[in-house]
Amino acid sequence: MAIETNDYQLYVKHYPNSAVSEAFRMLRTNLLLTNIDRGLNSLVVTSADRGEGKSTICANLAVIMAQAEKKVLLLDCDLRLPSQGNLFDIATDVGVTTMVGSFGDDRTVEIPEEVMPGLTVIGSGPPPPNPSEFLGSNKFRAFLEHMEKSYDTVIVDAPPVGLVTDAAVLSALVDGTVLVLDAQSGLRNLALQAKASLEKVNANLIGVILNNVRQERNLYSYYHYRGYQGEE
Ligand SMILES: Nc1ncnc2c1ncn2[C@@H]1O[C@H](COP(=O)(O)OP(=O)(O)OP(=O)(O)O)[C@@H](O)[C@H]1O
Ligand SMILES: [Mg+2]
């Protein structure tokens, strides 16, 4: 059986009985039990560097949350290098930027169709001239607050912390921030710097996801997928 790119990237949707899906279910449980009193309505997923697996993790987490009958919104706020449009095969000419642009005082917003029961994905839309300024604007904040009220969970895909301020700006707006670490990258210093940058904006850093963990003697290695592991 050939594995399509999207099957592979949206692993939990296509392979619900895999070890990877089980790891995502564990992550879901951990997140639902985090901030149990205040609730964790919105979440930013970021990392120290490019390519550590943020977008893939956001997409799979969004699917697994929706499978638990949560009303989930996935927002692609990596306005510089968006991925969710391609991952979910949705229109890329509309998205966060166009929706925020037309988000007026009447608070009406045209929500795209769900990509699966319980999951709405909004891609980035055309890039704005200054993404950090866009994400720091009052209009974006109002849009995000509106979305937080409309969904059980809002998952925000973001650029890395190290390169631009976007992720720090976003982290200050949401309930919690998760840092993805590529276990093979060895960029421990960069990860510590990322953590420090997030702490500077008083982000609520709720955990680290260690991605790309090599499992030498793994019962499930025939899935040809490097495992995800949740970590507090
Ligand atoms: N655990 C994994 N095993 C195998 N491939 C992975 C894994 N995690 C991510 N990838 C692959 O690595 C690439 C980068 O992943 P992804 O786009 O999710 O990273 P990112 O952190 O969002 O990158 P960027 O900083 O560019 O937005 C993708 O091709 C993705 O399919
Ligand atoms: Mg990405």
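Remember, it's 1-based here, ligands and their atoms both numbered in the order they're listed. Numbering of residues begins at 1 and proceeds along the displayed sequence. Just so it is clear, the values below take in all heavy atoms, side chains as well, and ignore hydrogens, waters and symmetry mates.
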Can you find an N/O atom of [X] closer than 3.5 Å to an N/O atom of ligand 1?
X    : value
S55  : yes
P160 : no
G53  : yes

- Any chance the side chains of T153 and K70 put a donor and an acceptor closer than 3.5 Å? no
- Task: Would you check if there is a donor-acceptor pair between the side chains of E148 and S42 at a distance under 3.5 Å?
- Result: yes
- Query: Can you name the residues that form a side chain to side chain contact (heavy atoms under 4.5 Å, CB included) with L205, not counting sequence neighbours?
  - Reply: T177, L179, K195, L198
Go through ligand 1 atom by atom and flag the ones less than 4.0 Å from a non-hydrogen atom of [X].
X    : result
D78  : 27 (O)
L81  : 26 (O)
N211 : 1 (N), 2 (C), 7 (C), 8 (N), 9 (C)
G51  : 19 (O), 20 (P), 21 (O), 23 (O), 24 (P), 25 (O), 26 (O)

- Item | Presence of salt bridge, R50 and D78, under 4.0 angstrom | yes
- Item | Sidechain N-carboxylate O distance under 4.0 Å for D157, K54 | no
- Message: Determine whether I57 and E52 satisfy the following criterion, side chain to side chain contact (heavy atoms under 4.5 Å, CB included), listing intermediate values before the conclusion.
- Response: CA-CA 10 Å; I57 288 175; E52 297 201 67; over 6 Å; no
- Item | Within reach of ligand 1, part of T56 (heavy-atom separation under 4.0 Å) | both
- Part of D157 within contact of ligand 1 (heavy atoms, under 4.0 Å): neither
- Query: Under 30°, 30 to 60°, or over 60°: which ring-plane class applies to F134 and F140, parallel, tilted or perpendicular?
  - Reply: tilted
- Which heavy atom of L75 sits nearest a heavy atom of L144, and at what distance? CD1-CD1, 3.8 Å
- Note on the structure: If you compare K54, R50, Q9 by their heavy atoms, the one closest to atom 20 (P) of ligand 1 turns out to be K54
- Task: Anything protein N, O or S sitting under 2.8 Å from the Mg ion (ligand 2): count it and give me the total.
- Result: 1
